[in-house]
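Everything on this sheet refers to the single structure shown next.
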Amino acid sequence: MRSIFIVALLLVVVTIGCGHKPVTTLGIKQAITAEDVERVVREKIAELMAVDAATISMDRPLSDPPLKADALDCVELVMELEERFEIVIPDASIERYTGADIKLFAKITPNQLALIVRAELKAQRPKQTR
């Protein structure tokens, strides 16, 4: 039953989330560093999972203790990161690390999420005119 709920939620997120492409203002006046992205990823994980940010290992899957995140937690995390950075993270970007199996979504690491965010920031940054 939970699997059906997760799949249904993902379909809603993909349908609604892919209908718009927000205007990105990040990077125009200030550059976002890799450290900034990692800090925000760590903060969002700590906020959503109610853990101390210092206890989060950037190299361990989100499903491992102390986080014990499931696929739904990861979907919520990705949505929070999209909102915070004003980007769209395509499913294909996540699937490069997890495959198409939704059950493996929680096996992604915070470092991998930070890499995805940085790649999408770079790809979706508006062209600067001179």
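Remember, predicted model here, so these are calculated numbers, not experimental data. Keep in mind that the numbers below use all heavy atoms, side chains included, and drop hydrogens, waters and symmetry copies.
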**OP:** Kindly compute the distance separating CD (Glu76) from NZ (Lys44), expressed to the nearest 0.5 Å.
**Re:** 10.0 Å
Original post:
Do Val78 and Ile116 have side chains that get closer than 4.5 Å, going by heavy atoms?
Top reply: no
Subject >> Straight-line distance of Leu81 CG to Leu77 CG, nearest 0.5 Å >> reply: 4.5 Å
**OP:** Using the rule that two of Ile, Leu, Val, Met, Phe, Trp, Tyr join whenever any of their side-chain heavy atoms come within less than 4.5 Å, decide whether Leu104 and Ile108 are in one cluster.
**Re:** no
Subject >> Nearest heavy atoms of Ala71 and Ala106, plus distance in Å >> reply: N-CB, 4.2 Å
Original post:
Atom CZ in Arg60, atom NZ in Lys107: separation rounded to 0.5 Å?
Top reply: 10.5 Å
Original post:
Does the side chain of Leu62 come within less than 4.5 Å of Phe105's, by heavy atoms?
Top reply: no
**OP:** Mark yes or no for whether Glu120, through its side chain, and Ile87, through its backbone, hold a donor-acceptor pair below 3.5 Å.
**Re:** no
**OP:** Verify the cluster assignment for Val51 and Met58: are they in a single hydrophobic cluster under the rule of side-chain heavy atoms below 4.5 Å apart?
**Re:** no
Original post:
Atom CD1 of Ile45 and atom CD of Glu80: how far apart are they, to the nearest 0.5 Å?
Top reply: 11.5 Å
Original post:
Looking only at heavy atoms, which two atoms of Gln124 and Val88 are closest? And how far apart?
Top reply: NE2-O, 2.6 Å
Subject >> Test side-chain hydrogen bond (donor to acceptor under 3.5 Å, both in side chains) applied to Arg39 - qualifying residues, sequence neighbours left out >> reply: Glu43
Original post:
Are Ile89 and Ile32 co-members of a hydrophobic cluster defined by side-chain heavy atoms under 4.5 Å apart?
Top reply: yes
Original post:
With no hydrogens and no angle check, is any side-chain donor or acceptor of Glu38 less than 3.5 Å from a backbone partner on Asn111?
Top reply: no
Original post:
Is a donor on one side and an acceptor on the other found under 3.5 Å between the side chain of Gln112 and the backbone of Thr109?
Top reply: yes
Original post:
Is Val37 reachable from Ile56 through a run of I, L, V, M, F, W or Y residues, each pair having side-chain heavy atoms under 4.5 Å apart?
Top reply: yes
**OP:** Using only heavy-atom distances, determine whether the side chains of Thr55 and Asp52 contain a donor-acceptor pair under 3.5 Å.
**Re:** no
**OP:** Decide yes or no on side-chain contact (heavy atoms from CB on, under 4.5 Å) for Asp73 and Leu67, but give the supporting numbers first.
**Re:** CA-CA 10 Å; Asp73 294 325; Leu67 302 176; over 6 Å; no
Original post:
Quick one: does Thr98's side chain have a donor or acceptor within less than 3.5 Å of a partner on Ile94's backbone?
Top reply: yes
Original post:
Which heavy atom in Ala69 sits nearest to a heavy atom in Cys74, and how many Å separate them?
Top reply: CB-SG, 4.3 Å
